[in-house]
There are 2 protein chains.
Amino acid sequence: MPEPKQTKASPIMADTDIAIVRIAPETSFKNKAYEALKEAILKMDIYATPEPVMLDERALSERLGVSRTPIREAIAMLEQDGFVKTVPRRGIVVVRRTKAEIVDMIRAWAALESMAARLITTTARKKDISALRDFFKDFSDDRLPQDHVEEYSKANIAFHQALISLSESPVLVDLTNDLLLHVRGYRQLTIGRKDRTATSLPEHLGIIEALEARDTELAEKRARDHTLGLAAYVEAHGQELFT
Amino acid sequence: MPEPKQTKASPIMADTDIAIVRIAPETSFKNKAYEALKEAILKMDIYATPEPVMLDERALSERLGVSRTPIREAIAMLEQDGFVKTVPRRGIVVVRRTKAEIVDMIRAWAALESMAARLITTTARKKDISALRDFFKDFSDDRLPQDHVEEYSKANIAFHQALISLSESPVLVDLTNDLLLHVRGYRQLTIGRKDRTATSLPEHLGIIEALEARDTELAEKRARDHTLGLAAYVEAHGQELFT
DNA sequence: TCGTGGCATTTGGTATGCCAAAAACGTAAT
DNA sequence: ATTACGTTTTTGGCATACCAAATGCCACGA
C-alpha cells in the first residue's frame with residue numbers, strides 16, 4: 001500500500017525521532033551576499049554625500065570572494081526591498097529617500113502600530129504588556145532621556161519592535177521592520193532628536209497604560225498619534241536632514 | 001558607417017528639445033520573467049490540490065525561451081515577495097498561506113486602509129471622493145450585488161484600490177497592493193462571498209459619506225471596521241477554504 | 001582651440017557548463 | 001517479495017565567458 005513517503009523510518013527507530021529535524025541549512029552564497037550587502041547599505045550614511053552611492057558587481061564579487069552570479073541575485077533581492085535600483089548599463093545605485101517618502105513611511109508605520117496596539121488589548125498577557133516599561137527603566141527625572149539621546153534612541157526602537165511583537169502578528173512585525181530599516185537610514189538625526197525626546201517617554205508610558213487598561217480605542221489612538229507626531233516632526237523639521 | 005545613435009543634437013536644434021525624452025526602456029528578460037511568473041502564480045489556484053505546487057527552473061527557462069540565469073533572478077525576486085520558496089536541491093515551491101496568515105494580512109490591510117481614509121479626509125478633493133460611488137453604479141435595489149457576486153467582487157477590489165490611491169501615499173498604495181495579491185489567492189472564495197456581499201455595499205457607501213464629510217475619525221473607523229469585518233468573516237467561515 | 005569621430009573600457013544582461021547533494025531508479029541478495 | 005545498496009537522474013548553486021550598450025579618453029582635423 002502507498003504509505004506516505006514522509007520519513008520511511010525503520011521500525012526499530014520509529015520512536016527515536018530525536019530533535020534531528022534539520023541539519024545545517026548552510027545558507028547559500030546568495031543569501032550571505034544579501035545579508036552582507038543589506039548590512040553594508042544600512043551602515044553607510046547615504047545622505048552624507050551629494051553624489052549618489054554606486055555599487056559595482058565585479059568589485060563586490062571580488063571582495064566577497066564569490067562570482068557575480070550570487071551577487072546579482074542578492075542585488076535583485078535588495079531591489080525588491082527598495083534599497084537599491086539597478087540602471088541598465090549605468091550601474092547599481094543605493095536608493096536615497098526623499099523627505100516626503102520618509103514621512104510617508106512613518107505614516108504607514110503609524111497605521112500598522114496602531115493596529116498592533118488594538119490587537120494587543122485583546123490578546124496579550126498583562127505581564128508582557130507591563131514588561132514594556134523595562135526598556136525605559138534606565139531613564140528617570142534624575143537621568144533624562146534628552147541627556148542621553150543616543151541611548152534613548154536605541155531603547156526607543158527596541159520598545160516599538162517589542163510592542164509590535166506583542167501583537168503576535170507576523171505580518172505586522174515584518175512590515176514594520178522593513179519600514180524601520182528604511183527610516184533608520186538617518187537614525188541619529190530623527191528618532192532621537194533632542195526636542196522630541198522630551199515628549200516621547202511620557203507618550204510611550206501613556207500607550208502602555210492604555211494597553212494595560214485594555215482600552216482598545218485609546219491604545220490605538222495613542223499609538224497612532226505618537227508615531228504620527230514623529231511624521232509631523234520630520235515633515236516640519238527634517239528639511240536640513242536632506243542636504 | 002556607425003552613425004552616433006544618440007542624436008547628438010547640433011547647435012541649430014539646441015533649443016528644439018522635442019519630446020524625445022526617453023527611448024524604449026526595453027525591460028530585461030529578468031523583469032519579463034518576473035512579471036510572467038508572478039502572473040502565472042497568481043492565476044493558478046494553489047489551494048486546489050493537496051500536494052504542493054513546484055516550479056522547475058530548466059522547464060521555465062525552456063518555456064520562456066531564455067536561459068536559467070534571468071529565471072533564477074526572477075525567482076529570487078518572487079521569493080522576496082513571499083510568493084515562492086526555494087528549497088536547496090528539492091525544488092521551488094509556490095507558497096501556500098494558512099488561514100491564520102490570510103487573516104493576519106487582512107488585518108494589516110485594514111490598518112493601512114484606515115490610515116488612507118484618515119489622510120483622504122484632509123487632502124483629497126471632494127469630486128474625487130464622490131467619484132468612488134461610480135464603482136457601484138451598476139448595482140441597485142433592482143440589481144443586487146449578491147446576485148452578481150463575481151462582478152461585484154471586481155468592483156469591490158477596484159473600489160478599495162481607488163480609495164487607497166486617493167491618499168496619495170505611494171507607500172500605502174504599494175503595501176496594500178502587495179497584500180491584496182496574496183489575499184486574492186482565492187478570490188471567488190472570500191471577497192465576494194454571497195452572505196458578506198449584502199452588507200458590503202452599504203458599508204462602502206458609509207465610508208464614502210464619512211470621507212465627504214471630512215470626518216477623519218469616523219472615516220478611519222468605518223474603513224477599519226469594514227475590512228476587519230472581512231478578516232473576522234474569513235476567520236470564522238474560512239475553514240473550508242483551506243481543504 | 002575646439003569639436004568630432006572612433007576606439008578602448010566599463011557595466012549590467014545573458015547563456016552555458018560544471019558541481020554536489022539528494023531523490024529516483026534499478027538490481028541483486030536474503 | 002522485500003530490503004539493501006549502488007547507479008543514474010534530477011535540481012539548485014555557482015563560476016565563467018561573451019555580448020551590447022553607454023561612457024570616457026584621445027588623437028586628428030578644421
Side-chain angles (χ1 to χ4, degrees), chain A residues 1-14 22-37 51-79 84-94, chain B residues 1-14 22-37 51-79 84-94:
Chain A
M1 57 162 55
E3 189 202 29
K5 56 272 306 269
Q6 197 65 352
T7 58
K8 190 67 164 285
S10 59
I12 353 177
M13 58 178 296
R22 267 299 180 203
I23 319 180
E26 296 191 37
T27 89
S28 59
F29 285 166
K30 170 184 68 176
N31 289 308
K32 286 184 180 177
Y34 171 74
E35 295 299 335
L37 292 179
E51 64 275 5
V53 181
M54 307 288 287
L55 299 180
D56 180 65
E57 285 185 8
R58 287 168 231 264
L60 292 174
S61 78
E62 193 171 329
R63 184 177 303 218
L64 293 181
V66 298
S67 80
R68 286 176 56 208
T69 306
I71 298 288
R72 283 182 55 77
E73 290 174 341
I75 296 288
M77 294 164 70
L78 288 170
E79 190 164 12
V84 302
K85 171 138 188 71
T86 100
V87 186
R89 289 173 207 89
R90 293 301 290 269
I92 302 162
V93 51
V94 179
Chain B
M1 57 163 62
E3 189 201 32
K5 53 273 299 194
Q6 190 55 6
T7 58
K8 186 62 161 282
S10 57
I12 351 176
M13 57 181 297
R22 268 298 181 204
I23 318 181
E26 298 193 38
T27 89
S28 59
F29 284 167
K30 170 183 68 175
N31 290 308
K32 286 184 180 177
Y34 172 73
E35 295 299 336
L37 292 178
E51 64 275 5
V53 180
M54 308 289 287
L55 299 181
D56 180 64
E57 285 184 8
R58 287 169 231 263
L60 291 173
S61 78
E62 192 171 328
R63 183 175 306 216
L64 293 180
V66 298
S67 78
R68 288 176 56 208
T69 307
I71 298 288
R72 283 181 56 78
E73 292 176 349
I75 296 289
M77 295 164 70
L78 288 170
E79 189 164 13
V84 302
K85 169 139 188 71
T86 99
V87 186
R89 293 183 200 83
R90 293 297 292 267
I92 303 161
V93 51
V94 179

N/O contacts under 3.5 Å, protein versus nucleotides 18-22 of chain C?
unit_1	atom_1	unit_2	atom_2	d
C:dA21	O4'	B:Arg89	NE	3.4

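- For B:Ser67, no side-chain nitrogen or oxygen approaches OP1 or OP2 of C:dT14 to under 4.0 Å.
- The side chain to side chain donor-acceptor pair (under 3.5 Å) pairs that include a residue from residues 60-76 of chain A are A:Glu57-A:Arg68, A:Glu57-A:Arg72, A:Arg72-B:Glu73, A:Glu73-B:Arg72, where partners are two or more places apart or lie in different chains.
- Each of D:dG13, C:dG13, C:dA15 was ranked by its minimum atom distance to the side chain of B:Ser28; first place goes to C:dG13.
- Separation of atoms CD1 (A:Ile71) and CG (A:Leu37) is listed at 5.5 Å; rounding is to 0.5 Å.
- Among all heavy-atom pairs drawn from A:Lys85 and A:Glu79, the shortest one is CA-OE2, 3.9 Å.
- To the nearest 0.5 Å, atoms NZ (A:Lys32) and CG (A:Leu64) are separated by 11.0 Å.
- Contacts of B:Ile75 with the nucleic acid, taken as non-hydrogen atoms under 4.0 Å apart, are absent.
- A:Asp56 has its CG atom 16 Å from the P atom of D:dT23, to the nearest Å.
- One interatomic measurement links the two molecules: CD1 of A:Ile71 to P of D:dA15, which rounds to 9 Å at whole-angstrom precision.
- Of all nucleotides listed (C:dG12, D:dA15, D:dG13), D:dG13 comes nearest to the side chain of B:Glu57.
- You'll find that the side chain of A:Pro70 is closest to D:dA15, out of C:dG13, D:dA15, C:dA15.
- Note: CD (A:Glu62) to C1' (D:dC14) measures 17 Å, nearest angstrom.
- Phosphate proximity of C:dG12 to A:Arg72: absent, as no side-chain N or O sits under 4.0 Å from OP1 or OP2.
- Spacing between atom CG of A:Leu78 and atom C1' of C:dG12 amounts to 16 Å, rounded to whole angstrom units.
- Rounded to whole Å, the distance from CE on A:Met54 to C1' on C:dG12 is 11 Å.
- Listed pair B:Ser61 / C:dT14 fails the phosphate criterion, with no side-chain N or O lying under 4.0 Å from OP1 or OP2.
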Go through the steps to decide whether A:Val94 and A:Leu55 satisfy the test side-chain contact (heavy atoms from CB on, under 4.5 Å), and finish with yes or no.
CA-CA 7 Å; A:Val94 179; A:Leu55 299 180; 4.1 Å; yes
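- Rounded to whole angstrom, the span from the CG atom of B:Asn31 across to the P atom of C:dG13 amounts to 8 Å.
- Taking atom CZ of residue B:Phe29 and atom P of nucleotide D:dA20, one finds them 13 Å apart after rounding to whole Å.
- Rounding to whole angstrom units, NZ of residue B:Lys32 and C1' of C:dT14 are separated by 13 Å.
- In plain terms, the two heavy atoms of B:Lys30 and B:Ala74 that are nearest each other are O-CB, 3.8 Å.
- B:Thr86 contributes atom OG1, which lies 8.5 Å from atom CD1 of B:Ile75 (distance to the nearest 0.5 angstrom).
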